[in-house]
Amino acid sequence: MASSAEPNKQPNILFIFSDDHAYQSISAYNDPRKLIETPNIDRIAKEGMRFDRCVVPNSICGPSRATVLTGKYSHANGFYNNSGSRFDGSQTTVAKLLKGAGYQTAVVGKWHLVTEPTGFDYWHILPGQGVYYNPPMIDNGTQVKHEGYATDIITDLTIDWLKKRDKSKPFLMMSQNKAPHREWAPALRHLGHDNDRAYPEPSTLFDDYSGRGKAEHDQDMTIAKTMTARDLKLEAPPQLTPDQRKVWDAYYEPRNQAFAKADLKGDDLVRWKYNRYMHDYLACIKAVDENVGRLLKYLEEEGLADNTIVVYAADQGFYLGEHGWFDKRWIFEESLRTPLVVRWPGVTKPGSVNTDLVSNLDFAETFLEAAGQPVPAEMQGKSLVPLFKGRTPEDWRKSFYYHYYEYPGPHSVRRHYGVVTDRYKLVHFYGPDIDEWELFDLKEDPQEMRSVHGQADYAKVQEELEQELARLRKELKVTDQDPPESIIRPAAPEAAKKKAAAKKKAAFEKGVPR
């Protein structure tokens with residue numbers, strides 16, 4: 001690999017984006033459970049930079065994708081939630097700006113923004129959430145059907161486009177996996193990858209949410225109560241071909257029969273669900289990591305590695321049993337924090353680690369500066385290029401604003417906003433039936449088990465955080481009342497039940513549980 005990038009040549013940008021990939025399941029992040037080895041993702045960190053404090057402004061799939069494209073918060077780009085938002089494709093995006101600067105632009109894989117992509121020379125996307133096996137996709141507006149496993153297919157399409165592109169131009173390729181999104185369906189080659197390993201449990205697997213408020217108690221995202229038969233592979237996905245189904249059944253059926261015979265209850269049942277979840281989720285990660293390796297190999301073989309920025313990230317963090325949960329949405333660490341590793345030969349120092357407070361809000365600005373383009377004033381993030389070079393600007397952020405909107409909705413996580421610093425989090429849960437504040441000290445309570453809001457020892461800290469939160473809301477132009485378009489209107493009770501049942505049935509038929 002070259003020791004220095006060409007100073008006057010615009011770099012290619014390969015942005016590899018996964019859905020719900022927890023940093024705990026990337027071995028470069030050194031989770032004490034040692035859940036899995038990810039040698040190819042780790043290689044990006046080894047040959048570049050690992051970011052240990054990359055956070056998101058709204059921990060949910062669609063809004064995170066809108067933020068990556070626009071460099072704006074949800075209230076500024078108009079995409080608040082997965083339940084009713086539609087992306088306004090007429091607004092300024094990094095893809096449009098780079099295309100205007102002479103880049104070829106492409107997006108392949110998960111899109112999840114409802115409207116069709118704009119600003120891309122080529123797009124080949126999954127409709128909605130997409131499915132893992134034999135997925136239908138949309139190729140520049142034309143519906144097509146693929147045979148195989150989604151993660152492999154997305155990488156195939158990525159490499160095919162890279163081979164066929166106009167090689168006189170630099171490129172922005174956004175290669176976006178569905179995996180490891182719920183329902184965590186593995187590539188068939190990875191069934192049994194862990195030899196029925198009993199996974200180490202997070203210490204908070206049986207959290208009772210004492211020391212916290214109504215929001216934590218009222219959620220619906222526990223391994224114990226929320227997981228469905230499809231999640232637990234007690235039902236097979238309908239998209240499998242007969243031959244694929246034989247492989248599926250050969251692995252799952254004997255284990256499912258043993259599970260039924262055991263008739264587990266209580267904590268033992270939760271432990272079984274946790275281990276089934278870990279097998280499936282981590283198997284999805286194995287396919288992601290393999291395909292990251294394929295992309296890195298292609299860059300090397302084509303002589304592109306030295307002038308290509310490779311970014312691996314996810315749209316948010318994810319719970320792997322911590323607090324008894326799966327999913328995301330919260331301002332809390334496992335949800336808020338997303339993996340980010342970057343390789344830029346000659347710019348990022350191999351094996352370097354950054355602990356600054358960064359965000360996917362910064363990605364658009366970063367790509368623009370790397371390409372030598374101006375950053376529009378309307379964008380709300382900061383370019384990471386100085387950090388890539390090992391220099392943290394003196395005015396780099398010390399706090400970060402977070403805002404989650406999707407309630408009522410899947411998993412019943414209350415609307416909340418808050419401010420995050422290196423040590424503290426102040427959060428406000430709000431709504432017609434809730435008005436609660438919580439404060440967490442990450443140094444004294446890294447697992448966020450006990451709110452210290454209102455305690456005398458934290459009075460000064462609380463006051464400072466309240467002032468900082470008010471400053472950020474003013475600076476970011478957050479309105480006192482949530483905009484009408486962010487509101488999810490609950491239906492009448494009977495209508496709501498019928499709608500929910502119909503939606504659940506349709507989702508399972510398509511293999512896309514929320």
Side-chain angles (χ1 to χ4, degrees), residues 19-25 53-64 67 73-74 80-83 181-182 202-227 314-339 357 359-361 399-421 423-431 434-442 445-453 465 469 482 486 488 514:
D19 194 309
D20 295 343
H21 190 175
Y23 63 87
Q24 308 94 289
S25 60
R53 196 79 172 120
C54 184
V55 300
V56 298
N58 183 359
S59 182
I60 185 171
C61 310
S64 279
T67 289
Y73 275 86
S74 301
Y80 295 90
N81 56 62
N82 288 346
S83 296
H181 191 279
R182 189 182 184 190
S203 61
T204 58
L205 181 61
F206 297 102
D207 190 356
D208 64 2
Y209 315 113
S210 59
R212 285 143 292 168
K214 183 175 183 177
E216 290 90 342
H217 286 80
D218 280 359
Q219 46 69 36
D220 179 24
M221 52 184 281
T222 64
I223 292 173
K225 297 180 180 179
T226 311
M227 285 186 168
D315 48 6
Q316 63 264 319
F318 211 68
Y319 286 97
L320 303 184
E322 300 89 353
H323 304 288
W325 289 337
F326 66 95
D327 211 70
K328 56 266 185 179
R329 303 171 193 270
W330 303 93
I331 194 174
F332 304 136
E333 283 300 284
E334 293 86 357
S335 168
L336 172 79
R337 182 178 156 198
T338 188
L357 197 55
S359 175
N360 59 0
L361 185 71
S399 64
F400 189 80
Y401 180 71
Y402 179 87
H403 202 144
Y404 174 78
Y405 297 87
E406 193 172 83
Y407 181 88
H411 299 299
S412 298
V413 173
R414 299 305 182 112
R415 288 183 172 224
H416 59 285
Y417 60 82
V419 59
V420 177
T421 71
R423 178 169 175 175
Y424 298 104
K425 285 182 192 170
L426 177 69
V427 54
H428 181 211
F429 294 98
Y430 66 98
I434 189 171
D435 181 13
E436 293 183 357
W437 290 84
E438 293 180 351
L439 172 63
F440 295 90
D441 182 343
L442 298 182
D445 178 24
Q447 294 176 319
E448 299 168 304
M449 300 289 285
R450 178 175 60 93
S451 171
V452 293
H453 189 268
L465 289 171
L469 180 58
D482 288 347
S486 76
I488 301 168
R514 293 294 305 278

Check your understanding: Salt bridge or not for Arg329 and Glu406, using N-O below 4.0 Å?
Key -> yes
Review point. Hey, is Arg414 close enough to Glu216 for a salt bridge, meaning N to O under 4.0 Å?
Key: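 No, Arg414 and Glu216 are not salt-bridged.
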Check your understanding: Does the side chain to side chain contact (heavy atoms under 4.5 Å, CB included) test come out yes or no for Glu322 and Gln24, once each step is laid out?
Key -> CA-CA 11 Å; Glu322 300 89 353; Gln24 308 94 289; 2.9 Å; yes
Is there a side-chain contact between [X] and [Y] in this structure, where contact means two heavy atoms from C-beta onward sitting under 4.5 Å apart?
{"X": "Lys328", "Y": "Cys61", "answer": "yes"}
{"X": "Phe326", "Y": "His411", "answer": "yes"}
{"X": "Pro57", "Y": "Phe400", "answer": "yes"}
{"X": "Asn360", "Y": "Thr338", "answer": "no"}
{"X": "Leu336", "Y": "Tyr402", "answer": "yes"}

**Study point:** Partner set under side-chain hydrogen bond (donor to acceptor under 3.5 Å, both in side chains) for Tyr430, not counting sequence neighbours
**Key:**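 Listed in chain order: His403, Asp482.
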**Study point:** By side-chain hydrogen bond (donor to acceptor under 3.5 Å, both in side chains) - contacts of Tyr23 (at least two apart)
**Key:** none
Nearest 0.5 Å, please: how far is [atom2] in [Y] from [atom1] in [X]?
{"X": "Phe429", "Y": "Asp218", "atom1": "CZ", "atom2": "CG", "result": "11.0 Å"}
{"X": "Thr222", "Y": "Asp207", "atom1": "OG1", "atom2": "CG", "result": "11.0 Å"}
{"X": "Ile60", "Y": "Thr67", "atom1": "CD1", "atom2": "OG1", "result": "11.5 Å"}
{"X": "Ser59", "Y": "Asp327", "atom1": "OG", "atom2": "CG", "result": "8.0 Å"}

**Study point:** Modelled atom types, side-chain donor and acceptor of Asp435 and His428, under 3.5 Å
**Key:** yes
Check your understanding: Will you find, in the side chains of Trp325 and Glu334, an N or O donor that is under 3.5 Å from an N or O acceptor?
Key ->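 Judged by distance alone, the side chains do not pair up.
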Would you find a donor on one side and an acceptor on the other, under 3.5 Å apart, between the side chain of [X] and the backbone of [Y]?
{"X": "Tyr417", "Y": "Leu469", "answer": "no"}
{"X": "His416", "Y": "Ile331", "answer": "yes"}
{"X": "Arg212", "Y": "Met449", "answer": "yes"}
{"X": "Thr421", "Y": "Tyr424", "answer": "yes"}
{"X": "Gln316", "Y": "Val56", "answer": "no"}
{"X": "Glu436", "Y": "Lys214", "answer": "yes"}
{"X": "Glu438", "Y": "Gly213", "answer": "yes"}
{"X": "Ser335", "Y": "Trp330", "answer": "yes"}

Review point. Do Phe318 and His181 have their ring centres less than 6.0 Å from each other?
Key: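 Here the rings of His181 and Phe318 have centres that are no less than 6.0 Å from each other.
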Of the non-hydrogen atoms in [X] and [Y], which two are nearest, and what is the gap between them?
{"X": "Ile434", "Y": "Ala215", "answer": "CD1-N, 4.0 Å"}
{"X": "His453", "Y": "Leu426", "answer": "CD2-CD1, 3.8 Å"}
{"X": "Ser399", "Y": "Val419", "answer": "CB-CG2, 3.9 Å"}
{"X": "Ser74", "Y": "Pro63", "answer": "OG-CB, 3.8 Å"}
{"X": "Asp20", "Y": "Asp315", "answer": "N-OD1, 2.9 Å"}
{"X": "His217", "Y": "Tyr209", "answer": "CE1-O, 2.8 Å"}

Review point. Which of these passes side-chain contact (heavy atoms from CB on, under 4.5 Å) with Lys425: Leu439, Leu442, Leu465?
Key: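 Exactly one pass, corresponding to Leu442.
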**Study point:** Ring geometry between Tyr80 and Tyr405 (parallel below 30°, tilted from 30 to 60°, perpendicular above 60°)
**Key:** perpendicular
Check your understanding: Between Tyr73 and Tyr401, how do the two ring planes meet: parallel, tilted or perpendicular, split at 30° and 60°?
Key -> tilted
